[in-house]
Amino acid sequence: MTIETTSLNFNELGLSEPIQRAIADAGYTTPTPIQAKAIPQVLSGGDLLAGAQTGTGKTAGFTLPILHLLSQKPLSEVAKGHPRCLMLTPTRELAAQIEESVKTYGKYLPLTSTVIFGGVNANPQIARLKKPLDILVATPGRLLDHANQKNVDLSGVEILVLDEADRMLDMGFIRDIKKILAMLPKQRQNLLFSATFSDEIKALADGLLHNPGFVEVARRNTASELVEQTVHMVAQSHKRDLMSYLIKHHDWKQVLVFTRTKHGANRLAEKLIKDDIQAAAIHGNKSQGARTKALAQFKDGSMRVLVATDIAARGLDIDQLPQVVNFELPNVPEDYVHRIGRTGRAGSSGAAVSLVDREELKLLKDIEKLIKREIPKVHVEGFTPNANPEPEAPRAPRQPHGRPRKQQGKPQGQPQNAPSKILSEAARHQAMPQSALFTPPSPNRHQPNRQNVNRQNANNGNASRGNTNSTHRSGGRGR
DNA sequence: AAAAAAG
């Protein structure tokens with residue numbers, strides 16, 4: 001299990017019977033650590049500061065007790081058109097996902113919810129906001145829009161959730177959030193979830209929370225042993241060919257590929273489609289319709305490859321995703337952890353492969369420093385740049401068995417017959433030109449003594465890359 | 001330096 005559970009049972013947490021029934025329907029019996037810690041805190045009615053990454057089960061950690069609290073007061077006593085709970089989250093997809101969770105766990109309760117975000121027609125949202133509403137999940141921009149136009153009245157909010165607060169600050173939402181906060185009643189319960197605690201998060205928490213309870217669970221990067229991580233050294237110009245090769249060679253049934261740029265995501269998706277691999281790109285320049293469609297198809301398994309920017313790095317919960325690829329390494333080492341956290345979720349194992357150009361070696365070092373381990377560099381058998389329009393047929397014919405969704409054994413990425421040559425970065429990179437990295441290893445290239453070279457100098461001179469420029473977009477979106 | 005989010 002990647003998501004740790006506890007020895008507790010959900011029926012010991014004081015949640016009402018309809019909620020327990022919905023939890024059981026969803027197949028859960030045991031809360032994760034963040035749920036076990038956060039649920040009693042939220043039920044107590046106090047403010048909460050929670051340190052939790054995505055993938056720890058934190059969404060249910062606040063959704064479940066909030067449903068309980070709201071359902072204690074009958075809807076008939078509550079004014080219509082006044083959401084009683086507001087959940088703010090950085091991306092549209094995350095907002096949609098959280099609202100789905102609200103609906104899932106609230107299905108036996110007479111509570112109503114909706115989700116509000118930009119990129120789509122506002123009129124259906126306006127119509128929905130006129131009807132009774134208990135829980136409103138939103139991204140800040142569109143919500144503020146509606147609030148300014150008096151489409152929604154936030155004066156009845158009893159519970160506020162700021163999810164992924166650090167990310168919202170990174171994305172320059174602080175001004176919007178402050179404006180929204182000013183519309184809320186003073187008397188309310190506040191829950192703040194953040195993966196990291198920068199000074200800015202602390203400042204936000206200080207102004208927002210009153211005598212908060214504090215819960216924290218281990219960062220997932222130290223716990224993600226079940227995600228098998230490897231690196232392929234490859235020139236940037238050969239990455240797209242290698243990507244097609246890997247997908248076909250390993251017969252990956254489903255893979256989420258991260259690129260550094262939106263343009264890069266488009267180009268890779270086009271290349272894969274050209275190579276008869278079903279693929280779609282998702283990023284912030286796509287229409288919301290295209291984004292929603294691509295994600296839905298990927299989630300239901302009808303889309304083989306989803307090529308994404310870091311829009312999909314955090315929080316997206318894709319059931320039983322076996323394989324993640326970093327087509328380029330992320331600029332911020334923490335994002336690597338978030339990206340590979342899309343696999344190995346909910347009790348399944350996963351594999352994460354990173355395609356690394358020598359230009360990215362510093363990023364790789366930063367990542368290895370963060371996760372406190374060296375990621376093995378694995379040779380790709382049988383791939384030669386510019387010489388692999390089609391991969392060789394796999395030795396054993398593939399059975400047309402469907403997608404093995406529940407896979408217990410080794411992740412798909414590493415079939416037993418793939419010889420894994422683990423060479424140290426020094427051995428590979430200084431000994432041969434990049435163009436030679438994919439030719440099958442000849443005997444004199446074997447350097448078994450170097451296989452486990454532990455690079456002591458992993459952090460010489462590169463202090464952690466603070467995301468120094470990301471937060472102060474003081475101009476905001478000029479309004 | 002890129003991406004996300006209002007249009």
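Each chain gets a letter, A, B and so on, in the order its sequence line appears, and its residues count up from 1.
- Between the P atom of B:dA5 and the NE2 atom of A:His146 lies a distance of 15 Å, rounded to the nearest Å.
- Nucleotide B:dA4 holds its P atom 12 Å from the CG atom of A:Asp335, rounded to whole Å.
- A donor and an acceptor atom, one from each side chain of A:Asn331 and A:Arg260, are nowhere located under 3.5 Å apart.
- The side chain of A:Thr309 places an N or O atom within less than 4.0 Å of a non-bridging phosphate oxygen (OP1 or OP2) of B:dA4.
- Here B:dA2 presents its P atom at 19 Å from CZ of A:Arg314, a figure rounded to the nearest Å.
- OP1 or OP2 of B:dA5 has at least one side-chain nitrogen or oxygen of A:Arg92 nearer than 4.0 Å.
- Remark: P of B:dA5 and CG of A:Leu169 are 16 Å apart, rounded to the nearest angstrom.
- Nearest nucleotide to the A:Thr139 side chain, out of B:dA2, B:dA4, B:dA5: B:dA5.
- Summarising the geometry of A:Leu136 relative to A:Pro83, their closest heavy-atom pair is CB-CB, 3.9 Å, with the distance given to 0.1 Å.
- Applying the 4.0 Å criterion to OP1 and OP2 of B:dA5, one finds that A:Arg291 has a side-chain N or O inside that range.
- In this structure, the CZ atom of A:Arg339 is 14 Å from the P atom of B:dA2, given to the nearest Å.
- The nearest whole Å value for the distance from the CG atom in A:Asp310 to the C1' atom in B:dA4 is 10 Å.
- Taking 4.5 Å as the limit, every side-chain heavy atom of A:Val255 sits out of range of all side-chain heavy atoms of A:Val353.
- One atom, CZ of A:Arg175, and another, C1' of B:dA5, lie 14 Å apart when rounded to the nearest Å.
- If you take NZ on A:Lys150 and CG on A:Leu129, they are separated by 14.0 Å, rounding to the nearest 0.5 Å.
- Comparing atom distances between the A:Phe173 side chain and each of B:dA5, B:dA3, B:dA1 picks out B:dA5 as nearest.
- Atom CD1 in A:Ile174 sits roughly 16 Å away from atom C1' in B:dA4 (whole-Å rounding).
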